[in-house]
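Below is one structure, written out as structure tokens; the observations come after it.
Chain letters run A, B, ... following the sequence lines, proteins first and then strands; every chain starts at 1.
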There are 2 protein chains.
Amino acid sequence: MTHDTVEEYLIENGIRPLQKRTLIYKYLMTKKNHPTVETIYKELLPKSPSLSKTTVYNVLNLFLEKNLVQTINIEGNELRYDANTKSHGHFKCETCGKVFDFEVQEENYPQLTLEGFMPRKTHYYVVGQCATCAVPSLN
Amino acid sequence: MTHDTVEEYLIENGIRPLQKRTLIYKYLMTKKNHPTVETIYKELLPKSPSLSKTTVYNVLNLFLEKNLVQTINIEGNELRYDANTKSHGHFKCETCGKVFDFEVQEENYPQLTLEGFMPRKTHYYVVGQCATCAVPSLN
DNA sequence: GTATCTGCAAAACATTTGCAATTCT
DNA sequence: AGAATTGCAAATGTTTTGCAGATAC
């Protein structure tokens, strides 16, 4: 990040760095765990006992609008959030449920074979078993 | 399809070809419109007035289990269904809302750079504007 | 005739909205 | 003080579940 503090970064993106906003952004940025709203709420409640789920929704929708986060729609009906907005792949392990990032160079994405279509955002999702869960002896 | 009838195809996949199941499968197969549950229900109700949404859910979940359909989770919280279970790309137009298929050769998918991970299914989604909506004069 | 399937109603979730109270500067 | 933000409760939307009645073979 090219910014000294999260607060400055939020300001530069037109977001007033209120306590709960800063808390949620720091959580996303440091945990990189692609959490659901439920997870964010549960994990931050001890640190911010007056936090409400409505605020988590409000703040995430604001971040989305300002392009500070992207949503991940990898499986079922669970929306997850990612503070990394660059194009990259996501892998969901069907055994342990974790979501992993992986690098994909922009130029390695497959060609869009639809004439005249204007792509804006690309998502590449892989579902399977992670290295740990794929080794039976470790279970 | 390598089968004379949808009914035979369902039987071969361990599914009793009941009226509503056959109706729903034929709809998915011929329309190729990546419908939501709501769409399927609304479109088939005239043809099958006793159809219920519960049955649409039941049947789709059965098809999913037997790998006759795949789900598409391209945007928002709307689950869509696709009777084409081969790997292919999906493009969602943010203007008109339609979902388009496009071909991607299996070998053109980007490399999964996670050591020891076992991929099972790959989704490649592109969001943007379709050819029609991208041309202002046609709007 | 018996298993299975269907449809209703209710339950379980996820997300949004309206509004009054609170907080920020 | 004044504008923006928050939190509650209710509304909305989607999917699942329990169960009684209907259907398939």
Side-chain angles (χ1 to χ4, degrees), chain A residues 5-8 10-11 13-25 27 34-66 68-81 97 99, chain B residues 5-8 10-11 13-25 27-28 34-66 68-82 97 99:
Chain A
T5 65
V6 168
E7 284 80 357
E8 280 175 34
L10 293 180
I11 291 168
N13 282 279
I15 293 172
R16 292 168 65 195
L18 306 180
Q19 258 188 48
K20 288 164 189 182
R21 289 174 176 176
T22 308
L23 186 68
I24 291 172
Y25 191 77
Y27 177 82
H34 317 88
T36 59
V37 166
E38 185 67 24
T39 304
I40 297 170
Y41 174 69
K42 275 192 193 154
E43 299 250 321
L44 294 181
L45 197 56
K47 282 179 192 153
S48 178
S50 72
L51 183 66
S52 75
K53 231 180 248 188
T54 304
T55 297
V56 178
Y57 278 108
N58 284 342
V59 169
L60 290 172
N61 284 336
L62 178 66
F63 288 171
L64 267 180
E65 238 173 66
K66 304 287 188 179
L68 262 69
V69 300
Q70 64 170 311
T71 52
I72 301 172
N73 230 278
I74 194 166
E75 228 199 23
N77 256 30
E78 52 167 33
L79 252 201
R80 289 158 171 268
Y81 293 83
V99 173
Chain B
T5 64
V6 168
E7 283 80 358
E8 279 174 35
L10 294 180
I11 291 169
N13 282 278
I15 293 172
R16 291 169 64 194
L18 306 180
Q19 254 188 52
K20 289 165 188 180
R21 289 173 175 176
T22 308
L23 186 68
I24 292 172
Y25 191 77
Y27 178 82
L28 289 170
H34 317 89
T36 60
V37 166
E38 186 66 23
T39 304
I40 298 169
Y41 174 68
K42 274 192 193 152
E43 299 249 321
L44 294 183
L45 196 56
K47 282 179 194 152
S48 178
S50 72
L51 184 67
S52 75
K53 233 182 244 187
T54 304
T55 296
V56 179
Y57 277 107
N58 285 341
V59 169
L60 290 172
N61 284 337
L62 178 66
F63 287 170
L64 266 180
E65 239 172 66
K66 305 285 188 180
L68 261 69
V69 300
Q70 63 170 310
T71 51
I72 301 172
N73 229 278
I74 194 166
E75 230 199 23
N77 257 31
E78 51 167 33
L79 253 199
R80 290 159 170 268
Y81 293 84
D82 189 346
V99 173

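Using a 4.0 Å cut-off, some side-chain N or O of B:Tyr57 falls inside it from OP1 or OP2 of D:dT15. Within the structure, every side-chain polar atom (N or O) of B:Ser52 is placed at least 4.0 Å from both OP1 and OP2 of C:dC8. For the pair A:Asn77 and D:dT15, the criterion of a side-chain N or O lying under 4.0 Å from OP1 or OP2 is met. Between D:dG7 and A:Ser50, a contact under 4.0 Å exists linking OP1 or OP2 to a side-chain N or O.
Between A:Lys53 and B:Arg21, it is B:Arg21 whose nearest contact on DNA chain C lies nearer the 5' terminus.
Within the 4.5 Å cutoff, the side chain of A:Val56 has heavy atoms near those of the A:Leu51 side chain.
Rounded to an integer number of Å, the gap from B:Asn61 CG to C:dT6 P is 13 Å. Spacing between atom CG of A:Leu45 and atom C1' of D:dG7 amounts to 13 Å, rounded to whole angstrom units. With rounding to whole Å, A:Arg80 atom CZ is found 17 Å from C:dT15 atom C1'. If you measure from atom CD of B:Glu78 to atom P of C:dC13, you get 23 Å, rounded to the nearest angstrom. B:Asn58 has its CG atom 12 Å from the C1' atom of C:dC8, to the nearest Å.
Scanning all heavy atoms of the two residues, the minimum distance from A:Arg80 to A:His34 falls at NH1-O, 2.8 Å.
Under the Watson-Crick or G-U wobble criterion, with both distances below 3.5 Å, C:dA11 is paired with D:dT15.
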With sugar-phosphate taken as primed atoms, P, OP1 and OP2 and all else as base, the protein-contact string of nucleotides 18-25 of chain D at under 4.0 Å (heavy atoms; B, S, -) is ------SS

